[in-house]
Amino acid sequence: MSPHDPTKLPPDLPVPGDDGAADHLKGMKIPSIALPSTDGTYVDLAAIKGTLVLYVYPKAGRPGVDPPAEWDAIPGARGCTPQSCAFRDHHAELQDLGATVIGLSTQSTGEQKEFAATNHLPFVLVSDSELSFARTLDLPTFEFDDVTLLKRITLIASDGEIVKVFYPVFPPDRNPTDVIDWLEARS
């Protein structure tokens, strides 16, 4: 048996459906909450001027560490590493479009630092481990092993106002090109 590779998506992942849990987000303001980030600072997402691409993911995998058997059966759970690596690979294009890319999960900053370093991410990840950001916006969540995790969603904000919501996000590794297409069509 080969070791788990979180950068690869299994071919038989269940496709998440749109449950309406993100319908209220377009037009909302990004809340002013300082979140710890992988660069050692606190980031107030509401203070980011211009275009913010905030991709929200449940929980990043670790190379060689198998996820629980039932993880892949949860629609939309698997794919955090492929999504993050795709944002890494398209980061220059997104910057050229004036976008600031930030990833957000409920994982600890320590876990996120390890993940960012392992995958050479050129942008920061922020931790919403207390769910303060998620609860303020009423982001979609799910429960797994008695832990509340965020469903995969990407928000585009312009000067602090959410102008586009990608939900559900599937397949996760295509999300950055969908964002680029939307940004190019908008400009």
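Counting heavy atoms from C-beta outward, L25 and I153 have side chains that approach closer than 4.5 Å. With contacts defined as side-chain heavy-atom distances shorter than 4.5 Å, the pair I33/L45 does not qualify. The closest side-chain heavy-atom distance from R152 to P58 is below 4.5 Å. Using a 4.5 Å heavy-atom threshold, the side chains of L13 and F170 count as touching. For the pair Q83/T154, a side-chain contact is recorded, criterion being any heavy-atom separation below 4.5 Å from C-beta on. At least one side-chain heavy atom of T148 sits under 4.5 Å from a side-chain heavy atom of E143. Taking the side chain as every heavy atom from C-beta outward, I30 and D44 never approach each other to under 4.5 Å. Looking at S127 and P36, their side chains come closer than 4.5 Å, going by heavy atoms from C-beta outward.
Atom OG1 of T81 sits about 8.5 Å away from atom OH of Y57, to the nearest 0.5 Å. For the atom pair CZ (F115) and CG (L121), the distance works out to 5.5 Å, reported to the nearest 0.5 Å. The line from CG of L94 to CG of D89 is 11.0 Å long, rounded to the nearest 0.5 Å. Annotation: the span from K26 atom NZ to E161 atom CD amounts to 9.5 Å, rounded to 0.5 Å. Here the straight-line distance linking atom CG of L150 with atom CD of Q107 works out to 10.0 Å at 0.5 Å rounding. Interatomic distance, CD1 of I156 versus OH of Y55, reported as 14.0 Å (0.5 Å rounding).
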For D23 and V165, run side-chain contact (heavy atoms from CB on, under 4.5 Å): C-alpha distance rounded to whole Å, both residues' side-chain angles, the deciding distance at 0.1 Å, then the answer. CA-CA 8 Å; D23 290 352; V165 177; over 6 Å; no
For L139 and D128, what are the C-alpha separation, side-chain angles and deciding distance, and is it a side-chain contact (heavy atoms from CB on, under 4.5 Å)? CA-CA 12 Å; L139 293 179; D128 189 22; 5.7 Å; no
Please assess W182 against V163 for the test side-chain contact (heavy atoms from CB on, under 4.5 Å), listing each intermediate value before the final yes or no. CA-CA 11 Å; W182 186 86; V163 294; 3.8 Å; yes
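Of the possible polar contacts, one joining the T38 side chain to the L125 backbone as a donor-acceptor pair under 3.5 Å is found. Listed for the N175 side chain is no donor-acceptor partner under 3.5 Å among the backbone atoms of V169. Between the side chain of D39 and the backbone N or O of T41 there is at least one donor-acceptor pair closer than 3.5 Å. No donor-acceptor pair under 3.5 Å is formed between the side chain of H120 and the backbone N or O of C85.
The shortest heavy-atom contact between S37 and K113 is O-CE, 4.3 Å. Of all heavy-atom pairs between P14 and A73, the closest is CG-O, 3.5 Å. Closest of all the heavy-atom pairs between P168 and P16 is CG-O, 3.5 Å. Considering every non-hydrogen atom in both P31 and A46, the closest pair reads O-CB, 3.6 Å. Minimum heavy-atom separation, A99 to L183: CB-CD1, 4.2 Å. P176 and D173 make their closest contact through CD-O, 3.7 Å (heavy atoms, listed as atom of the first residue, atom of the second, distance).
Under a hydrophobic clustering in which Ile, Leu, Val, Met, Phe, Trp and Tyr are joined whenever their side-chain heavy atoms come within less than 4.5 Å, directly or via other members, L35 and L52 fall into the same cluster. Grouping the Ile, Leu, Val, Met, Phe, Trp and Tyr side chains by contacts below 4.5 angstrom, directly or via other members, places L131 with L137. By the rule that hydrophobic residues join a cluster once side-chain heavy atoms approach within less than 4.5 Å of another member, L54 and L97 end up as members of separate clusters. Grouping the Ile, Leu, Val, Met, Phe, Trp and Tyr side chains by contacts below 4.5 angstrom, directly or via other members, places V53 apart from I48. Under a hydrophobic-cluster definition in which Ile, Leu, Val, Met, Phe, Trp and Tyr are linked whenever side-chain heavy atoms come within less than 4.5 Å, directly or via other members, I102 and V179 are assigned to different clusters.
Under the 3.5 Å distance criterion, with hydrogens and angles disregarded, a donor-acceptor pair is assigned to the side chains of Y167 and D19.
In the displayed structure, E130 atom CD is contacted under 6.0 Å by at most 12 heavy atoms of other residues, nucleotides or ligands.
Below 30°, between 30° and 60°, or above 60°: for F123 and H91 the angle between ring planes is between 30° and 60°, a tilted geometry.
In summary, the aromatic rings of F142 and F144 are positioned with their centroids too far apart to meet the 6.0 Å limit.
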